[in-house]
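The block underneath contains the structure these notes are about, expressed in structure tokens.
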Amino acid sequence: MGGGSPEALKGEDWAGEMGARWLASLDRFEGMIAPIGNALLARAAYQPGERVLDLGCGGGATTLAIAGAVGAEGAALGLDIAPMLIEQAEERAAATGSPARFVCADAATAALDEPPFDRLFSRFGSMFFAEPVPAFANLRTMLAPGARIDLAVWAHPRDNAWMMEVMGVVRAHVEVPPAVPRAPGPFAFEDLAYLEEVLTGAGFTGFEAEAYQGEQPVGGPGASPEDATDFVLASMAAGRILAEQGENVLASARADLAAMFARHHRAGEGVMLGCKAWLVSARV
């Protein structure tokens, strides 16, 4: 999912710090973005026998779902740069008896010893390439002629209240430079024209997109305002930025975050804030 514009400014170390942060709050992260992932899976409509590559698979939840859809005659391979997340994904697959497989590698340069894939899937795992056109061109080499890709990417921050509300609190306590448009990070592909330019440059055609809009539970379903606050401070770049300002600033921001989340808390649901993503498809 990423944590918003601060990561885009500082760069994200998914093989290190950010991967560890994601793992530490894996259930909360996945619960927060599961509705969007489910919408992308429904749009992709995988069929038995298809071979699917899951880009930026994280803890493997989507890869496991894909494996269930394509069956034993198909294949679901999760690819992620974070070794700790791949290890967790492999443990999940083993625990459930899933045939899903996983590879730890940088998708921008990886060369997989695998037959070509019929499909490529990515739930918020495609926006972090330093050079996206060569990276997608490399991914294209892993796909069969006519293969389809399905991506979920965040729309503009202004359409994502979960990010705007958090950053509003952060900016009340510390100066945060404006995000750099198109820089690697969660909102790199907020502009669909840019994403189409990237995919076309990498050799894909037939670009299509639809909007997903709704609400998502910050910190996962059922999280209290305090849970959501702990999640943001422990797992998102906003927490790192605030922690760098010292204990007094951090404590004040924590109180403001909890108060903001309390205004959006609904009993039985959690802290619900608006979100918007693009569900995008294209073909080799």
Side-chain angles (χ1 to χ4, degrees), residues 1-4 6-34 37 40 51-68 75-115 117 119-132 134-139 141-143 149 151-154 183-186 188 220 231-240 243:
M1 179 192 70
E7 280 108 331
L9 294 166
K10 293 197 170 191
E12 297 198 358
D13 177 18
W14 284 102
E17 180 191 3
M18 285 308 300
R21 284 172 177 262
W22 186 279
L23 179 60
S25 298
L26 186 60
D27 290 343
R28 292 194 179 279
F29 269 125
E30 290 186 340
M32 183 171 167
I33 61 177
L40 186 65
R51 292 180 49 79
V52 185
L53 179 64
D54 187 1
L55 168 65
C57 65
T62 50
T63 319
L64 296 176
I66 292 167
L77 181 69
L79 179 64
D80 203 285
I81 198 171
M84 68 289 287
L85 293 176
I86 289 295
E87 182 179 353
Q88 176 66 24
E90 290 175 336
E91 290 177 2
R92 284 175 159 181
T96 59
S98 171
R101 295 179 295 120
F102 300 92
V103 171
C104 182
D106 182 350
T109 56
L112 300 181
D113 184 18
E114 294 278 337
F117 290 90
R119 309 286 298 272
L120 183 144
F121 177 94
S122 185
R123 180 192 65 178
F124 300 127
S126 66
M127 305 96 71
F128 303 95
F129 294 124
E131 297 184 58
F136 274 102
N138 187 59
L139 287 164
T141 67
M142 306 176 194
L143 305 175
I149 67 173
L151 313 175
V153 301
W154 292 114
F231 167 77
V232 166
L233 293 179
S235 308
M236 291 171 57
R240 179 179 62 201

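Within a 6.0 Å sphere centred on CD of Glu114, other residues, nucleotides and ligands contribute more than 12 heavy atoms.
Across Ala110 and Ala105, no two heavy atoms sit closer than the pair CB-CB, 3.9 Å. Here the shortest heavy-atom pairing between Thr63 and Gly78 reads CG2-N, 3.5 Å. When every heavy atom of Leu55 is checked against every heavy atom of Ser126, the shortest pair comes out as CD2-CB, 3.9 Å. Here the closest heavy-atom approach between residue Leu64 and residue Ala100 is recorded as CD2-CB, 3.8 Å. When every heavy atom of Thr62 is checked against every heavy atom of Cys57, the shortest pair comes out as OG1-O, 4.4 Å. Between Gly125 and Ser122, the closest heavy-atom pair is N-OG, 3.1 Å.
You'll find the side chain of Pro115 reaches within 4.5 Å of the side chain of Arg51, heavy atoms only. Leu143 is listed as a side-chain neighbour of Ile149, based on a closest heavy-atom distance under 4.5 Å. Contact annotation: the side chain of Ile81 never approaches that of Phe128 to less than 4.5 Å [non-hydrogen atoms, C-beta and beyond]. Phe121 is listed as a side-chain neighbour of Leu40, based on a closest heavy-atom distance under 4.5 Å. A heavy-atom distance below 4.5 Å is not found between the side chains of Phe102 and Glu87.
Scanning for side-chain contact (heavy atoms from CB on, under 4.5 Å) contacts around Ala137 gives Ala202, with sequence neighbours left out.
Note: Arg123 CZ to Ile66 CD1 = 9.5 Å, rounded to the nearest 0.5 Å. Atom CG of Asp54 and atom CG of Leu120 lie 8.0 Å apart (nearest 0.5 Å).
Ring geometry for Phe136 versus Phe129: interplanar angle over 60°, hence perpendicular rather than tilted (30 to 60°).
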Side-chain donor-acceptor pairs of residues 88-96 under 3.5 Å, sequence neighbours excluded:
from, atom 1, to, atom 2, distance (Å)
Arg92, NH1, Glu30, OE1, 3.1
Arg92, NH1, Glu30, OE2, 3.0
Arg92, NH1, Gly59, O, 3.0
Arg92, NH2, Glu30, OE1, 2.9
Thr96, OG1, Arg92, O, 3.0
Thr96, OG1, Ala93, O, 3.3

